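In this text, all values refer to a predicted model and were calculated from it rather than measured experimentally.
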Amino acid sequence: ARDARHQLRRRQTMVPQPDMPDPDKEEDPTTRTMTRARAIALFRWAVEQTARRGDPWADLQIHRLPARRAFRHRYDAIANTWRTDATLVKLEPAPFARGSMRKCFRLKKLSQQPNRAAFHALRWRDANNYVAKQPLGTATRGALKDDDDEWATRRDVETQTVAALLARGFDRALGPPKTVVVLDCFALEVVEDATVVTNSPGRRRRRRWMLCERFVDGGAFVKHNSNSGFVDETASRRMTPQAFSAATYWLAAGRALVCDVQGVGDLYTDPQIHSLSERFGPGDLGAKGMALFFASCDQNGNPLFDLLGIPRFRLAPRQLARRAHQDALSFGGGTVSSVLRTTTRKDLWRSAHRRCNSHDTEEDGVVAPEDAEAIERALEAADRAAARALARVHDADFFESSEAADDDDDDDAALRRALEVLAETESGPQNKDDAAPLQKKKWRFPIAQRPLAAVHAAMAELECEGYLAGGRADAVAALFHAATAAHKGSAVAAHALGRWHADVPAGALIPRFSQLKYAYPAKAGPLLVLAAQRRDPAAAFAAGVAFSVPRWGLPLDLAAADRLLAFAETYCEAASSFVASVAVGDVVSADLAATGHYHPSRVESIVADGAGGLVCSSVKKTSADADATTVVVPWSRVKPAIDDDSASTHEQRQDRSPPPEEGRLVAGSSGGDVPPLHEVLAARAELAARRSGDGRRRAAELFERAASAAAALRAPEAARVFLATASRHRSLL
């Protein structure tokens with residue numbers, strides 16, 4: 001259909017079709033009705049025009065190559081299932097193009113596998129043309145294994161299929177002036193008869209896995225945006241691709257955003273999806289990738305946002321002013337052209353690691369009135385949420401009564417529900433008489449607060465790193481987004497904001513040396529209680545200690561202190577079995593830069609910090625990169641690693657559950673690490689000793705448990721102190 005549009009532009013050589021609508025005419029979205037009959041007619045007409053032109057690959061003689069057996073695997077994004085059928089293909093032996101991640105082959109495919117009687121009547125010359133894309137090997141493993149080949153291909157098919165469904169929902173729900181199409185694709189499993197795998201038991205046929213999509217001929221291939229924040233802002237820039245990317249965030253209920261939009265006209269291929277669960281491969285940067293797009297997209301300068309009713313993601317006034325004085329945002333000291341390539345999570349980690357000890361901030365002390373007003377409103381909203389949490393600290397359902405509790409849902413399940421809504425919209429009224437223009441009923445964008453909070457927290461982290469302002473941290477913008485994220489449901493942002501009010505390091509969300517005059521220590525305690533209500537164990541420990549002192553605006557409340565410390569103890573006990581089993585040489589997931597993002601690392605040594613009671617591990621990246629870094633990481637930022645070799649099939653990898661906070665902002669990024677178990681038990685023991693009755697007996701038991709936990713964490717000095725304290729309490733019974 002898109003090819004037909006390009007041929008229509010050459011009207012002097014084309015015969016006009018009387019019943020065919022003019023695709024070049026900008027239609028009014030308020031009166032346009034996209035029905036299934038119109039779409040089918042357009043595709044049929046496109047097939048007729050393509051057949052009239054002939055086969056562009058006729059000179060390559062692909063139809064004379066030997067046929068191969070293959071299996072086509074199609075992905076159902078709503079049901080999260082795969083369907084398989086058999087077919088025959090003719091594949092070129094050598095690739096015609098090669099990139100950094102895949103190589104491309106020309107391929108002809110029959111619609112279905114014929115029976116033996118009809119085999120001689122096959123018309124390969126008229127078979128459909130496809131482009132087959134096969135993944136390349138990885139740097140850490142060398143040659144690509146069959147299961148890795150399958151895993152990478154299926155992942156890419158899932159990404160493009162979900163993007164295609166979002167594109168159809170964008171056209172159906174919003175009715176843009178230009179129709180957007182993402183090419184449908186499928187995974188092709190080609191049986192290689194001549195190749196034998198030698199590293200497996202027995203002799204079996206090797207199977208090549210490829211992503212296949214229809215061949216697109218004609219027109220210039222244009223990249224409109226990337227997964228790392230690049231947005232085409234040249235004189236010939238298009239409005240529809242950026243509006244499409246922004247709309248997919250709202251259509252997917254904040255769980256996904258389609259980017260890396262590229263293709264011919266409005267026919268797109270090879271998109272990338274950012275998702276909160278980070279399930280779409282190494283190019284899926286999660287909430288940070290969404291923040292990169294919204295920080296660079298000109299939402300106010302794109303008229304399609306108002307025309308189609310697309311909500312605008314709220315940016316800080318400082319960011320809007322910075323954009324008004326720049327042709328494009330700079331990333332890490334570079335220009336927009338430096339981020340045209342695809343960015344992976346490893347690239348973002350390297351950037352964060354380089355800046356984690358940097359003190360470059362905007363310390364001019366000048367805050368514009370509009371910035372001051374926006375920050376004050378955001379802080380007041382966060383304070384109101386903190387006051388509500390403090391008032392309910394003694395409720396039985398305290399940890400389930402947060403405003404974000406209803407939003408605490410599986411992100412993949414929420415994305416599938418959003419896709420189901422789009423599919424129902426796509427299969428709406430089929431009769432032309434019953435189909436009213438969709439724009440007459442306002443499309444609603446149902447979105448929870450937690451996905452918005454995740455993107456605002458990621459935006460604050462990017463501003464703190466200086467990734468959006470030429471290498472210098474913007475404290476004003478970071479504070480605005482951190483306060484907004486705290487108000488909308490981010491536990492990490494509420495914890496970081498509380499630490500910032502208390503004048504202690506606030507981690508990756510707020511710059512270290514911010515000179516803004518908005519910090520009040522009395523507001524720190526309620527914000528820590530708010531973060532604890534949202535199940536942040538580090539904030540629960542800090543708030544529990546503050547209740548027992550008291551300080552940071554919290555009253556003396558031993559009952560509330562013991563309740564919060566008990567919650568922190570539950571979290572620490574869950575991780576104690578893993579901590580005790582770690583040995584030198586093990587591969588773990590570690591937050592190397594204290595940003596809340598975890599990466600595979602190898603334990604080089606284990607040390608004990610007797611002063612603080614923290615056992616830290618010196619970890620090293622397991623990849624073969626020359627810039628592997630060895631750093632000391634506390635136990636609170638080390639988790640079990642996902643062993644790729646333990647799951648040899650795609651189904652096993654799908655069934656394997658990743659660590660619950662893998663790849664997301666967690667407590668460590670707020671500046672407050674989760675304390676070790678023995679520190680939590682010691683704090684609870686000190687509280688018990690202050691109670692009457694059997695308080696000393698309870699304190700002695702807790703100190704003995706703390707000594708055992710300290711010994712398991714290789715902290716013998718702390719264990720001796722706790723045992724001595726337990727003996728002293730028992731002697732006073």
Peer 1: Answer yes or no: is there a donor N or O on one side and an acceptor on the other, between the side chain of Arg102 and the main chain of Lys133, under 3.5 Å?
Peer 2: no
Peer 1: Given side chains that start at C-beta, do those of Cys297 and Phe305 come closer than 4.5 Å, heavy atoms only?
Peer 2: yes
Peer 1: Looking at every non-hydrogen atom in both residues, tell me the closest pair between Phe186 and Arg74 and how far apart they are.
Peer 2: CB-CG, 3.9 Å
Peer 1: Ignoring hydrogens, what is the shortest heavy-atom contact between Ser275 and Phe280? Give both atom names and the distance.
Peer 2: OG-CD1, 3.6 Å
Peer 1: Looking at His481, Gln319, Arg318, which one forms a side-chain hydrogen bond (donor to acceptor under 3.5 Å, both in side chains) with Glu463?
Peer 2: Gln319
Peer 1: Just checking, is any N or O donor in the side chain of Thr240 or Asp266 under 3.5 Å from an acceptor N or O on the other one?
Peer 2: no
Peer 1: Under 3.5 Å, side chain of Asp76 to main-chain N/O of Thr81, donor-acceptor pair present?
Peer 2: no
Peer 1: Find out whether His456 and Phe313 are in side-chain contact, i.e. whether some heavy atom of one side chain is under 4.5 Å from a heavy atom of the other.
Peer 2: yes
Peer 1: Determine whether a donor-acceptor pair (N or O, by modelled atom type, separation under 3.5 Å) exists between the side chain of Thr248 and the backbone of Leu166.
Peer 2: no
Peer 1: With a 4.5 Å cut-off on side-chain heavy atoms, are Ile310 and Leu174 touching?
Peer 2: yes
Peer 1: Do you know which two heavy atoms are closest between Cys185 and Glu213, and how far apart they sit?
Peer 2: CB-CB, 4.2 Å
Peer 1: Looking only at heavy atoms, what is the nearest atom pair of Gly265 and Arg238, with distance?
Peer 2: O-NH1, 3.8 Å
Peer 1: So, the side chain of Arg534 versus the backbone of Ala486: is there a donor-acceptor pair under 3.5 Å, distance only?
Peer 2: yes
Peer 1: Kindly indicate, with the supporting measurements, whether the criterion side-chain contact (heavy atoms from CB on, under 4.5 Å) is fulfilled by Leu136 and Lys103.
Peer 2: CA-CA 7 Å; Leu136 297 176; Lys103 51 186 177 181; 3.8 Å; yes
Peer 1: In terms of side-chain geometry, is the basic nitrogen of Asp306 or Arg312 positioned less than 4.0 Å from the acidic oxygen of its partner?
Peer 2: yes
Peer 1: Apply the salt bridge (charged side-chain N to carboxylate O under 4.0 Å, His left out) test between Lys223 and each candidate in Asp260, Asp232, Asp270; give the one that qualifies.
Peer 2: Asp260
Peer 1: Measure from the side-chain N and O atoms of Asn227 to the backbone N and O of Gln272, and report whether any donor-acceptor pair falls under 3.5 Å.
Peer 2: no
Peer 1: Could you walk me through whether Tyr249 and Phe293 pass the ring-ring contact (aromatic ring centres under 6.0 Å, His included) test, one step at a time?
Peer 2: CA-CA 11 Å; Tyr249 174 77; Phe293 171 79; 9.3 Å; no
Peer 1: Can you find a heavy atom in the side chain of Asp171 that is under 4.5 Å from one in the side chain of Pro176?
Peer 2: yes
Peer 1: Evaluate the criterion side-chain contact (heavy atoms from CB on, under 4.5 Å) for residue pair Met210 and Tyr130; output intermediate values, then yes/no.
Peer 2: CA-CA 11 Å; Met210 301 177 173; Tyr130 286 85; over 6 Å; no
Peer 1: Do Asp298 and Gln242 have side-chain atoms, one donor and one acceptor, less than 3.5 Å apart?
Peer 2: no
Peer 1: How close do Asn225 and Cys259 get, heavy atom to heavy atom, and via which atoms?
Peer 2: OD1-C, 3.5 Å
Peer 1: Could you check whether any side-chain N or O of His274 sits under 3.5 Å from a backbone N or O of Leu257, counting only pairs where one atom can act as donor and the other as acceptor?
Peer 2: no
Peer 1: May I ask you to test the Val131-Thr269 pair for a side-chain heavy-atom distance under 4.5 Å?
Peer 2: no
Peer 1: Is the backbone N or O of Ala453 less than 3.5 Å from a side-chain atom of Ser490, with the two atoms forming a donor-acceptor pair by type?
Peer 2: no
